[in-house]
Amino acid sequence: MAVVRAEQEATGARVVPGAREARGTQEARKHRKPSGPAGPGQPTGVAFRTAARMLGLMPREFELAEQLGEVRTISTPAGRRVAREELARLTGAEGFPEALRARLRVVGTAEGAELLGISPGRLTRLARGGFFAPARFYVNRYRRVVWLYLATELEEFAAREPGLLTGRTPPGLSASLAAGADARAEEWRKRRIEQLLSRTRDPWKRAGVLSAVLDPDELARAVTDPHDRDHVRELRPALVPVRPAAASARKVIDRVQTADGPQEILRYRVALADAVREARRVRPAPRPDAAVAPLPACRTRPPGRPAGRPRGLWRRLVGKR
């Protein structure tokens with residue numbers, strides 16, 4: 001049962017617990033409270049796995065909540081965690097936990113089209129046109145990308161643009177789609193980069209975030225200094241936290257993560273170059289040779305010592321004259 005549930009969760013399928021499990025979860029949630037203050041030497045906040053249980057969220061639900069900022073996290077010596085005050089805020093909010101889970105509901109093309117009362121084909125055309133961004137994706141067994149959208153964002157789009165839900169597709173959109181336009185991956189990358197940038201004000205870490213969508217050649221064009229480039233590369237975050245074991249699926253994910261198209265690539269290259277220049281003004285990137293202490297300067301020859309027979313390096317090191 002645990003294996004089936006894990007597979008369902010990984011493919012975006014909803015898992016409906018049995019009555020006994022549901023009652024147990026509800027009873028546990030009633031008595032579950034954020035733990036007290038951390039003791040001396042203990043990391044501040046709660047680990048993600050523990051926070052997910054306290055909020056009644058499945059792991060992938062919590063992952064999405066953290067990415068979307070629904071659950072605010074903090075940086076600690078032990079990594080990113082959830083502050084106890086944040087858990088108290090969430091568990092004490094009106095409508096918890098149903099309201100939180102509703103904001104995290106993601107739907108595929110068929111379910112999203114049903115939600116808006118349109119055909120799956122129309123929803124796909126609107127998504128390819130960039131009218132709303134996917135919240136996440138997964139690679140199915142056929143190595144195809146399956147896009148998932150936030151149900152709340154689809155409903156907001158429908159209320160904002162009701163004219164796009166009926167009638168003929170606008171001519172401009174039809175022309176771009178006929179030319180092969182598909183903004184879904186680009187819009188997902190933009191969402192993830194914005195999410196990661198919102199986590200840090202450190203200029204070098206922000207440069208690392210911007211570099212995460214560029215391939216090695218484009219990264220080298222944007223950051224020409226090799227030491228700066230190595231430092232930026234070390235700070236690159238993972239856009240997809242968990243990578244599949246299959247190499248073919250990883251290749252599909254790598255394509256989704258990498259900027260595609262000259263305009264998008266140029267935009268990230270310019271942003272990265274600007275970020276690196278700003279980071280240099282704050283502090284330089286580490287230089288490997290900076291950690292090597294220079295050899296002491298040769299002492300001047302004492303008066304009266306003959307100029308011939310220069311002392312060798314070994315004699316200077318061992319102090320022999």
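Just so we're clear, the structure is a prediction, and the values are computed from it rather than from any experiment.
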Audit row: His231, Leu235, side chain to side chain contact (heavy atoms under 4.5 Å, CB included) steps and yes/no: CA-CA 7 Å; His231 192 44; Leu235 297 172; 3.8 Å; yes
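Annotation for Ala185 and Trp147: closest pair CA-CH2, 3.6 Å, computed over non-hydrogen atoms. Considering all non-hydrogen atoms of both residues, Val71 and Phe62 come closest at CG1-CE1, 4.0 Å. Annotation for Pro286 and His227: closest pair O-CB, 4.0 Å, computed over non-hydrogen atoms. Minimum heavy-atom separation, Gln257 to Leu239: OE1-CB, 3.4 Å. Ala207 and Leu272 make their closest contact through O-CD1, 3.2 Å (heavy atoms, listed as atom of the first residue, atom of the second, distance). Across all non-hydrogen atoms, the minimal contact from Val256 to Arg189 is O-NH1, 2.6 Å.
With rounding to the nearest 0.5 Å, the separation of CG in Leu266 from CD in Gln263 is 6.5 Å. Atom CD1 in Ile74 sits 8.5 Å away from atom CZ in Arg80 (nearest 0.5 Å). To the nearest 0.5 Å, the span separating CG on Asp215 from CZ on Arg221 amounts to 7.5 Å. We find the CG-OG1 distance between Leu214 and Thr258 to be 8.5 Å, quoted to the nearest 0.5 Å.
Put simply, the side chain of Arg49 does not reach to within 4.5 Å of the side chain of Pro59, judged on heavy atoms. Side-chain contact between Asp225 and Arg280: present, with at least one pair of heavy atoms (C-beta onward) separated by less than 4.5 Å. Annotation: side chain of Leu164 is in contact with side chain of Pro170 (closest heavy-atom distance under 4.5 Å). Residues Glu111 and Arg105 are in side-chain contact: their nearest non-hydrogen atoms beyond the backbone lie under 4.5 Å apart. Counting only heavy atoms from C-beta outward, the side chains of Glu85 and Arg89 never approach each other to under 4.5 Å. Between Leu100 and Leu57 there is a side-chain heavy-atom pair separated by less than 4.5 Å.
Ion pairing between a basic and an acidic side chain is recognised when a charged N comes within 4.0 Å of a carboxylate O; Glu66 and Arg199 show such pairing. Salt-bridge check for Asp254 with Lys251: failed, with every basic side-chain N at 4.0 Å or more from each acidic carboxylate O. Between Asp228 and Arg287 there is a salt bridge, since at least one side-chain N of the basic residue sits less than 4.0 Å from a carboxylate O of the acidic one. Salt bridge Glu278/Arg281: present, at least one basic N to carboxylate O contact under 4.0 Å.
Following chains of ILVMFWY side-chain contacts shorter than 4.5 Å, one can reach Val276 starting from Leu219, so the two form part of one hydrophobic cluster. By the criterion of side-chain heavy atoms lying less than 4.5 angstrom apart, applied directly or through intervening Ile, Leu, Val, Met, Phe, Trp or Tyr residues, Val146 is grouped together with Leu104 in one hydrophobic cluster. In terms of hydrophobic clustering, with Ile, Leu, Val, Met, Phe, Trp and Tyr side chains grouped at heavy-atom distances under 4.5 Å, Phe48 and Met54 are assigned to a common cluster. Val145 is not connected to Tyr138 by any chain of hydrophobic side-chain contacts under 4.5 Å among Ile, Leu, Val, Met, Phe, Trp and Tyr, and they are in different clusters. Hydrophobic clustering keeps Leu196 apart from Leu64 (ILVMFWY residues linked when any side-chain heavy atoms are closer than 4.5 Å, directly or through intermediates).
Judged by distance alone, with hydrogens and angles left aside, the side-chain atoms of Glu187 form no donor-acceptor pair with the main-chain N or O of Ala183 at under 3.5 Å. Although no hydrogens or angles enter the test, the distance criterion places a donor-acceptor pair under 3.5 Å between the side chain of Arg250 and the main chain of Ala245. In this structure, Glu86 contributes its side chain and Arg72 its backbone to a donor-acceptor pair below 3.5 Å. With hydrogens and angles disregarded, a donor-acceptor distance shorter than 3.5 Å links the side chain of Arg206 to the backbone of Thr200.
Remark: of the listed residues Leu123, Leu148, Leu154, Leu154 is the sole one forming a side-chain contact (heavy atoms from CB on, under 4.5 Å) with Val107. For the salt bridge (charged side-chain N to carboxylate O under 4.0 Å, His left out) with Glu186, the qualifying choice from Arg191, Arg267, Arg192 is Arg267, the only one to do so.
Take Ser248 and apply the side chain to side chain donor-acceptor pair (under 3.5 Å) test, not counting sequence neighbours, and it matches Arg143. For Arg136, the side chain to side chain donor-acceptor pair (under 3.5 Å) partners two or more places apart in sequence, or in a different chain, are Glu63.
Ring-plane geometry between Phe137 and Trp188 is classed as perpendicular, the angle between the planes exceeding 60 degrees on a 0 to 90 degree scale with a lower cut at 30. Classification of the Phe132-Tyr149 ring pair by plane angle, with boundaries at 30° and 60°, yields perpendicular.
More than 12 heavy atoms of other residues, nucleotides or ligands shown are found within 6.0 angstrom of CZ on Arg160. By the neighbour-count criterion of 12 heavy atoms within 6.0 Å, atom CZ of Arg283 is densely surrounded, having more than that number from other residues, nucleotides or ligands. Counted within 6.0 Å of CD on Glu161, heavy atoms from surrounding residues, nucleotides or ligands total more than 12; the atom is thus considered enclosed.
Applying the salt bridge (charged side-chain N to carboxylate O under 4.0 Å, His left out) test to pairs two or more places apart or on separate chains, none has a residue in residues 119-130.
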